[in-house]
Protein chains: 2
Amino acid sequence: MTTEEHIIKAAREVFIRKGFQGTKMQEIADEAGINKALLHYYFRSKEKLFEQIFAEAFGQLIPTLSQKLDEITELETFIRFFVPFYTNFIQKNPHLPQFIIHELSQNPDRIRSLAAAQVFPFPKLSRMITQAVTEKKIRPIETDSLIINIMALIIFPIVAKPMIEGVIFRQNTAAYQNFMAKRSEEVIETILNSINLQTNK
Amino acid sequence: MTTEEHIIKAAREVFIRKGFQGTKMQEIADEAGINKALLHYYFRSKEKLFEQIFAEAFGQLIPTLSQKLDEITELETFIRFFVPFYTNFIQKNPHLPQFIIHELSQNPDRIRSLAAAQVFPFPKLSRMITQAVTEKKIRPIETDSLIINIMALIIFPIVAKPMIEGVIFRQNTAAYQNFMAKRSEEVIETILNSINLQTNK
DNA sequence: AATAAGTTTAACTAAATGGTTAAACTATTT
DNA sequence: AAATAGTTTAACCATTTAGTTAAACTTATT
């Protein structure tokens, strides 16, 4: 692993954990096991380093599913694949959505250009939903609503973990973990029911 | 309006908008129309000022509904009241949940004590849900899951506004607003369907 | 009018932080 | 062996920022 890779890895962790403002160059250097001078030697400025990290982070959030979206044609099949897949991914990168949301609201300009490059593979999914509505397989619902509902049910409990753990589970970490372990199943059932697609349990 | 109130108001806006790290005392002073010296004269330190704001903010997020929870006994009735009520509240304080989530994850210790004081009026709501399940009015679901589902569907689209507006609506602000205008209805239908409580449309 | 509370001004300190620099050292390449 | 890329050390600068202080000024209170 090269020094540059060490830096990138360290920067990713610190930036995502603490946001742009909260991140100190010294902390990145420490985490990477090098010194500040070398950090600046590789990446001239904090801004430049941040750009790399953000572009990469934002890229991760969306694209992997683009492949599967080409294989699957049935909405139910897609949901049953997507929910655990995405839940799993977000659980492995729990700070990612919050980081993106936070930075996007703190400094939209710094990010706009980077984000614009990313393309969500929407059309295919939209068509899938529209078709299901037309064929009366599911209740009438706008494609945007359904997509956002799914995202909300997956992402929110992870983004709001400190809130949920504190307010709902009263600092009982085990209770939260137990809740999250069954989350994927619950989201599938909630979604399928919410559009009147009976679960075949 | 006293100077103290001016400060509180200014601090609330700036803190919620920019978080603890992102907030500068000078900015609060400017927003309050006073100078930094006076700001420190009223609230000795940034920490002290922050505590006040956070306690108040966190308090707002939860309690108002405690009243209604005493009047209503039917789960469907409660959902039909709660969803628009809470959606409306969050829309008026769009930065509040994100602020709480962000600060809670940045510095749990700074907040733990404050948050612990707040009590969500859960028991009553939990009983309402449990009873509905027992009476087979709704499908079997854990109370925590249902509550978190409702919160997720309401809060996520607002917290993730910059993300949704950018990625899903492609910077089309009008499209987002149009989506949010109908959001409350959609959430009610989604929730009621998701627990097999037919909407009577 | 005198007193005190509230407020401003402006200068200051101390610490944190992003960024720079020069010199020395180490490992690798030629 | 000489040259070069990579790395460290440590001092340094400039800026930002939280917080302090003292003196003057303004507005209410007595």
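These numbers come from the heavy atoms of this one structure, side chains and all, not from hydrogens, waters or symmetry mates. Everything numeric here is computed off the predicted structure, so don't read it as measured data. All chains are named by letter (A, B, ...) in the order of the sequence lines, taking the proteins before the strands, and each is independently numbered beginning at 1.
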Practice problem: Could you state the atom-to-atom distance from NE2 of A/His6 to P of D/dG6 in whole Å? | Solution: 16 Å

Self-check item: Selection residues 23-48 of chain A - residue pairs positive for ring-ring contact (aromatic ring centres under 6.0 Å, His included), sequence neighbours left out
Solution: none

Quiz item: Looking at B/Glu27 and B/Arg17, does any basic side-chain N land under 4.0 Å from a carboxylate oxygen?
Solution: yes

Quiz prompt | Nucleic acid footprint by protein, nucleotides 24-30 of chain D - heavy-atom cut-off 4.0 Å, B for base, S for sugar-phosphate alone | solution = -------

Quiz item: Hey, is the main chain of A/Phe20 close enough, under 3.5 Å, to the side chain of A/Glu103 for a donor-acceptor pair?
Solution: yes

Quiz prompt | Value in whole Å for how far the P atom of D/dT7 lies from CZ of A/Phe43 | solution = 12 Å

Quiz item: Does the side chain of B/Thr3 get closer than 4.0 angstrom to OP1 or OP2 of C/dT7 through an N or O atom?
Solution: yes

Self-check item: Salt bridge present between B/Glu165 and B/Arg170 (N-O < 4.0 angstrom)
Solution: no

Quiz prompt | Worked check of ring pair (Phe, Tyr, Trp, His ring centres under 6.0 Å) between A/Phe179 and A/Phe169 | solution = CA-CA 10 Å; A/Phe179 167 78; A/Phe169 293 117; 5.6 Å; yes

Quiz item: For the pair made of CG in A/Leu39 and P in C/dG19, what is the distance, rounded to whole Å?
Solution: 9 Å

Exercise. Please list all pairs passing the ring-ring contact (aromatic ring centres under 6.0 Å, His included) test where one or both residues lie in residues 141-160 of chain B, with sequence neighbours left out.
Key: none

Quiz item: Hey, which of B/Gln98, B/His102, B/Lys161 is the one that makes side-chain contact (heavy atoms from CB on, under 4.5 Å) with A/Ser105?
Solution: B/Gln98

Self-check item: Which atom of B/Pro162 lies closest to which atom of A/Ile101, heavy atoms considered
Solution: CG-O, 4.3 Å

Quiz item: Taking 4.0 angstrom as the limit, do B/Glu76 and B/Lys137 come out as a salt bridge?
Solution: no

Exercise. Could you state the atom-to-atom distance from OH of A/Tyr41 to P of D/dG6 in whole Å?
Key: 5 Å

Quiz item: How does DNA chain C read in dot-bracket, base by base from 5' to 3', with Watson-Crick or G-U pairs under 3.5 Å and | used when the partner is on another strand?
Solution: ||||||||||||||||||||||||||||||

Quiz prompt | Whether B/Phe82 and B/Phe78 hold their rings parallel, tilted or perpendicular, with breakpoints at 30° and 60° | solution = parallel

Self-check item: Under the salt bridge (charged side-chain N to carboxylate O under 4.0 Å, His left out) test, residues paired with A/Arg139 that sit two or more places apart
Solution: B/Glu186, B/Glu189

Quiz item: Where along nucleotides 8-22 of chain D does protein come under 4.0 Å, by heavy atom, of base (B) or sugar-phosphate alone (S), with - for untouched nucleotides?
Solution: BBB------SBBBB-

